[in-house]
Amino acid sequence: MLVRDAMSSVVLTIGPTHTLRQAARLMSARRVGAAVVLDTDHCGIGILTERDILNSLGAGQSPDTETACSHTTNAVVFAAPAWTLEEAAAAMSTGGFRHLIVLDEREPVGIVSVRDIIRCWAPARREAAVLAGA
């Protein structure tokens, strides 16, 4: 199975000046754990995750004054739609993160998460177990 089969193609994108509270509200409303941060003037494409917001709050910073650009990960590992889920899982495991932005010709076309991969693998493994028991 490929990343294109598992990824979410509806991507939450925010700007670098969104506050962490605004980002959290949007992420919560969409029930996603990450937002793509588009900063065409400086850093390009980055990612803001729920963990980034949590770390800021844990450090006592204000979600109303802290902006996405201050907490965005810009050293992002990108996936291609044609990657296998095994390749995506290996990249996540090696990098210690749970989301990959999927790029197609330099444009973000989706996000694949650990949850997406598990959602795809679980039925296949159940089916294989049933066939093995037959």
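Please read these numbers as outputs of a predicted model, since none were measured by experiment.
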From CA spacing to verdict: side chain to side chain contact (heavy atoms under 4.5 Å, CB included), H18, L48:
CA-CA 11 Å; H18 276 78; L48 179 73; over 6 Å; no

Where [X] and [Y] come nearest, the two heavy atoms and their spacing:
X	Y	answer
D39	P16	CG-CG, 3.7 Å
V109	P81	CG2-CG, 4.3 Å
F78	W83	O-CH2, 3.4 Å
T17	Q22	O-OE1, 4.3 Å
A6	R119	O-NH2, 3.0 Å

[atom1]/[X] to [atom2]/[Y] distance, rounded to the nearest 0.5 angstrom?
X	Y	atom1	atom2	answer
L20	D64	CG	CG	9.0 Å
H99	E50	NE2	CD	6.0 Å
R115	S8	CZ	OG	11.5 Å
L2	E86	CG	CD	9.5 Å
W121	D116	CH2	CG	12.0 Å
R98	T49	CZ	OG1	6.5 Å

If we ignore hydrogens and angles and just use 3.5 Å, is the side chain of [X] paired with the main-chain N or O of [Y] as donor and acceptor?
X	Y	answer
T73	A75	no
N55	D52	no
T72	A68	yes
T94	A90	yes

Close side-chain approach of [X] and [Y], heavy atoms under 4.5 Å:
X	Y	result
V3	T84	no
R21	E66	no
L100	V77	yes
C120	L85	yes
V112	M92	yes
V102	D104	no
L38	I45	yes
P108	I101	yes

Kindly work out whether a path of hydrophobic side-chain contacts (I/L/V/M/F/W/Y, heavy atoms less than 4.5 Å apart) joins [X] to [Y].
X	Y	answer
I14	I111	no
V37	L103	no
V32	F97	no
I118	M7	yes

Set of residues satisfying salt bridge (charged side-chain N to carboxylate O under 4.0 Å, His left out) with respect to R30, sequence neighbours excluded
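Scan of R30 (salt bridge (charged side-chain N to carboxylate O under 4.0 Å, His left out), adjacent residues dropped) gives none.
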
If only side-chain N and O atoms count, and only distance matters, is there a donor-acceptor pair under 3.5 Å linking S56 with Q61?
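There is such a pair (donor and acceptor under 3.5 Å, judged by atom type) between the side chains of Q61 and S56.
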
